[in-house]
J.: 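Have a look at this one.
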Amino acid sequence: MVVLVEAFRSLAIARFSAKYPNSAMDDHFVRCALEASAVSAASAGRYNEASLAASAAANTVAQLVNQRKRKGNGEVYARAADAVALSISAAAQAGFEAEHLASIVRDQQLLSDGGASWEQLVEMPLWVHSMPPRAHDQWQSLKNQLEKAGLHWSVWIKWYEGRVLPLRQSTEVEDAAYSDLPGQLSWERGPETVNIEILSRLEALRPDPHAIEGINSPITINRLADGRIGVETGPFSLPTLPASLGPQDHHNALTVCRNRAVQVAQIASSSQFQGRSEYAQILADYLEWLPNEQGSGNMLLADGEARTLNKLFTAEEGILPLVFASKLAVLLEDHIALRSFYPEIERHYQAVNTGRLITPLSRDAVEAVQQVIRSQTPKVFDETVSPAIDEAAKPSLEIRPILEDLPPADPSRPKPPHDPIADADPRKSQNYIVASAYNRIWAILQKGKGTAEAIEGWQKTYDLMKPHMGAIIDFLRNFWPGDSAGGGSLPPTIGT
């Protein structure tokens, strides 16, 4: 991994030098480029050719910077030719020499014809058309390795992908963040330390993201009487009684579901149960979130567990133990009936189905904010927040089709009941619940951090969450284009 960060470093410095030729770079900055060149060139194995090309490019640009106002640059031009030759060799070794040559020819023609300056050329897409398939596959493989090595590698992943297809022009201070120009980075301490330092620099340059007004969170989050942020009773904890039904009807329906879920959970937890272990855990979670008479719990989160049970049942209806299947079928029927007391559930799924899912919610950002909430509990967050967020954010259970031969269909066996909202995408629902909850928390933090009533740790919590909230708010804004500032409509208000 050291060689990779040095190769990225070489390229970043070379790009910066080409893009800002009038920048005041001292000898120290030039030595940094040469140092990165030496380290990356010393690598061995599959990245050797690419590292040598990066080395030569950085070496050439560094010398050009050092000799910009001098004469006799023949040696530098020779090194530039060597850099091009090495890059062609690396591309040939990787299997996309023709596309690489086409890009070089395109760049040369633009420069010679006056179609682009060096500064403009640096901001253009790397490839003439699109990334060659083999280059794309190799990049995805390397990207996967980097992501597994640590979240901090995202800084170079985004940097490289921003070079392949620039979506916007980067500023000089943003480009300088990858170099020692603003202040020396701790390269000797390894990739993780350096990458985190660069991420901190970039984050300091970004404006604070603003919470989106008008989007209610299905998890009712408010500032409590003691000043902390906590979960309160909301529309998914307290029922709405239809005109023909009263409190006792809701009490009876809730009691039936709870008692039946306890019975089914006991079967699933038994050592004699011949079925998936996930049933016991899902039923335990269902019981945890099923509302009680005091208004605790969250019917929407309980409903998510019931929908997962229904999908599991559907996938395994031919092989589940008969008694378990019978009781599970009745439980799910009772739960569907219980939904009539919580009309907000249907409204929630209708709202989710109208939302767009252009890009998925960043799991890295979600997990980072989860960690902040845990670390700031109980100082800033009440103990009710983490369990609700963790439940909403947990990965969806992957329900794979049964590979073994199934017995012939038996019409007498119990079947899962038809679920009217079975088609609602659970991942979209989950993403919206989490994003809207974080948006609500962020709005509370922004309004309270500068006031006299802000409790100890409020500003620290804000600073810890800030690097990750931009991605979450961007997801929510893209999910419903437009916000309170105009340009579109917000989702239907939950509970109204």
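Both backbone and side-chain heavy atoms feed into the values below; hydrogens, waters and symmetry mates do not. Bear in mind the structure is a predicted one, so any value in this text is a computation, not a measurement.
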J.: Do E192 side-chain atoms and G150 backbone N/O form a donor-acceptor pair below 3.5 Å?
T.: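 Absent.
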J.: Using a 3.5 Å distance criterion without hydrogens, assess whether the side chain of N478 forms a donor-acceptor pair with backbone atoms of D474.
T.: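 At least one qualifying donor-acceptor pair exists.
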J.: Counting only N and O atoms by type, is there a donor-acceptor contact under 3.5 Å from the side chain of S429 to the main-chain atoms of D425?
T.: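 Not at all, since once roles are kept as given, no pair shorter than 3.5 Å links the two residues.
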J.: Would you check if E391 and N298 make a side-chain contact, meaning some heavy-atom pair closer than 4.5 Å?
T.: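 SC-SC contact between E391 and N298 ruled out.
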J.: Closest heavy-atom contact between N439 and I215?
T.: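 Where N439 meets I215 most closely, the heavy atoms are ND2-O, 4.3 Å.
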J.: For the pair F236 and H348, name the ring-plane relationship: parallel under 30°, tilted 30 to 60°, perpendicular over 60°.
T.: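 Answer is perpendicular, since the angle exceeds 60°.
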J.: Could you tell me if the side chain of T377 sits less than 4.5 Å from the side chain of V385, heavy atoms only?
T.: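 Result no, sub-4.5 Å side-chain heavy-atom pair not found.
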J.: Which one of E172, E174, E123 satisfies the salt bridge (charged side-chain N to carboxylate O under 4.0 Å, His left out) criterion with R15?
T.: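 Filter result, single survivor: E123.
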J.: Can you tell me if E161 has over 12 outside heavy atoms packed within less than 6.0 Å of its CD?
T.: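 Yes, CD of E161 has more than 12 neighbouring heavy atoms, counting only those of other groups under 6.0 Å.
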J.: I'd like to know whether L146 forms a side chain to side chain contact (heavy atoms under 4.5 Å, CB included) with W156, so could you lay out the CA-CA distance, the side-chain angles of the two residues, the decisive distance to 0.1 Å, and finally the verdict.
T.: CA-CA 9 Å; L146 295 177; W156 290 110; 5.6 Å; no
J.: Nearest 0.5 Å, please: how far is CD in E203 from CG in D463?
T.: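 One gets 10.5 Å once the value is rounded to the nearest 0.5 Å.
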J.: Got a second to check how far L445's CG is from T461's OG1, nearest 0.5 Å?
T.: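 Going from the CG atom of L445 to the OG1 atom of T461 covers 6.5 Å.
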J.: Should we say atom CD of E346 is surrounded by more than 12 heavy atoms from elsewhere, each under 6.0 Å from it?
T.: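 No, the 6.0 Å shell around CD holds no more than 12 heavy atoms from other groups.
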J.: Measuring from atom OG of S375 to atom CD of Q370, what distance do you get when rounded to the nearest 0.5 angstrom?
T.: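 The OG atom of S375 sits 12.0 Å away from the CD atom of Q370.
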J.: Search all heavy atoms of L202 against all heavy atoms of A177 and return the closest pair with its distance.
T.: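 L202 and A177 have their closest heavy atoms at CD2-CB, 3.8 Å.
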J.: F479 vs Y432 aromatic rings, parallel, tilted or perpendicular, using cut-offs 30° and 60°?
T.: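 If you compare the ring of F479 with that of Y432, the planes turn out parallel.
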J.: Between K428 and G355 (side chain of the first, backbone of the second, donor and acceptor by atom type, cut-off under 3.5 Å), is there such a pair?
T.: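 Side chain of K428 to backbone of G355, a donor-acceptor pair under 3.5 Å: yes, one is there.
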J.: I want to check something: taking the side chain as every heavy atom from C-beta on, are R9 and D180 in contact at a cut-off of under 4.5 Å?
T.: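 Yes; the side chains approach each other to less than 4.5 Å.
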J.: Under the side chain to side chain contact (heavy atoms under 4.5 Å, CB included) rule, what do L464 and Q376 come out as? Steps first, then yes or no, please.
T.: CA-CA 10 Å; L464 288 172; Q376 297 303 303; 4.0 Å; yes
J.: Distance alone, cut at 3.5 Å: any donor-acceptor contact between the side chains of R440 and N216?
T.: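 N216 and R440 do not have a side-chain donor-acceptor pair below 3.5 Å.
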J.: For a quick check under 3.5 Å, do E305 and W289 share a side-chain donor-acceptor pair by atom type?
T.: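 Distance-only check fails for E305 and W289.
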J.: With a 4.5 Å cut-off on side-chain heavy atoms, are V5 and W187 touching?
T.: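 Contact flag for W187/V5 side chains = yes.
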J.: Nearest heavy-atom pair of Q120 and G115: which atoms, and what distance?
T.: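 Residues Q120 and G115, closest heavy atoms: OE1-O, 4.3 Å.
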J.: Does the side chain to side chain contact (heavy atoms under 4.5 Å, CB included) test come out yes or no for I345 and Y349, once each step is laid out?
T.: CA-CA 6 Å; I345 289 179; Y349 289 122; 3.5 Å; yes
J.: Side chains of T384 and D382: donor-acceptor distance under 3.5 Å anywhere?
T.: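 Side chains of T384 and D382: pair found under 3.5 Å.
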J.: Under 6.0 Å from the NZ atom of K460, do we count more than 12 heavy atoms belonging to anything else shown?
T.: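 12 or below, so no.
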J.: Could you give the distance from CD (Q184) to OG (S179), rounded to the nearest 0.5 Å?
T.: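 It comes to 11.0 Å.
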J.: Quick check against the 3.5 Å criterion: does W442 have a side-chain atom that pairs as donor or acceptor with the backbone of P209?
T.: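 Side chain of W442 to backbone of P209: a pair is present.
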J.: For a quick test of reading the model, state the closest non-hydrogen atom pair linking S186 to T193 and the distance between them.
T.: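 The pair with the smallest heavy-atom distance is CB-CG2, 4.0 Å.
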J.: How long is the span from the NE2 atom in H136 to the CE atom in M131, to the nearest 0.5 Å?
T.: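 Rounded to the nearest 0.5 Å, the NE2-CE separation comes to 6.5 Å.
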J.: Do R223 and W458 form a cation-pi contact, if we require the NZ or CZ to be under 6.0 Å from the six-membered ring centre and within 45 degrees of the ring's axis?
T.: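 Yes, a cation-pi geometry.
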J.: Evaluate the side chain to side chain contact (heavy atoms under 4.5 Å, CB included) criterion for residues L101 and I88: first the C-alpha distance (whole Å), next the side-chain angles of each, then the deciding distance (0.1 Å), finally the verdict.
T.: CA-CA 7 Å; L101 282 172; I88 294 173; 3.5 Å; yes
J.: In terms of side-chain heavy atoms, does Q140 have a donor or acceptor partner in N144 at a distance below 3.5 Å?
T.: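 Looking only at side-chain atoms, N144 and Q140 do not form any donor-acceptor pair under 3.5 Å.
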J.: Side chain of S141, backbone of D137: donor and acceptor closer than 3.5 Å?
T.: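 Flag not set: sc S141 to bb D137 has no pair under 3.5 Å.
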J.: Does atom CZ of R427 have more than 12 heavy-atom neighbours, drawn from other residues, nucleotides or ligands, at distances under 6.0 Å?
T.: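 12 or below, so no.
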J.: Give a yes or no on this: more than 12 heavy atoms of other residues, nucleotides or ligands lie within 6.0 Å of atom NZ of K394.
T.: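 Enclosed: over 12 neighbouring heavy atoms sit under 6.0 Å from NZ of K394.
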J.: Measure the spacing between CD1 of I212 and CD1 of I473 and express it to the nearest 0.5 Å.
T.: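 Nearest 0.5 Å value for the CD1-CD1 distance: 6.5 Å.
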J.: Between R374 and D390, is there a salt bridge with N-O shorter than 4.0 Å?
T.: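 Yes, this pair counts.
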J.: In terms of the angle between their ring planes, are F96 and W127 parallel, tilted or perpendicular, with boundaries placed at 30° and 60°?
T.: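 It falls in the perpendicular class, over 60°.
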J.: Counting C-beta onward and ignoring hydrogens, is there a side-chain heavy-atom pair between L312 and I282 closer than 4.5 Å?
T.: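 Yes - at least one pair of side-chain heavy atoms lies under 4.5 Å apart.
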J.: Do side-chain atoms of R163 reach the backbone of W159 as a donor and acceptor pair under 3.5 angstrom?
T.: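 Looks like yes, one N/O pair under 3.5 Å.
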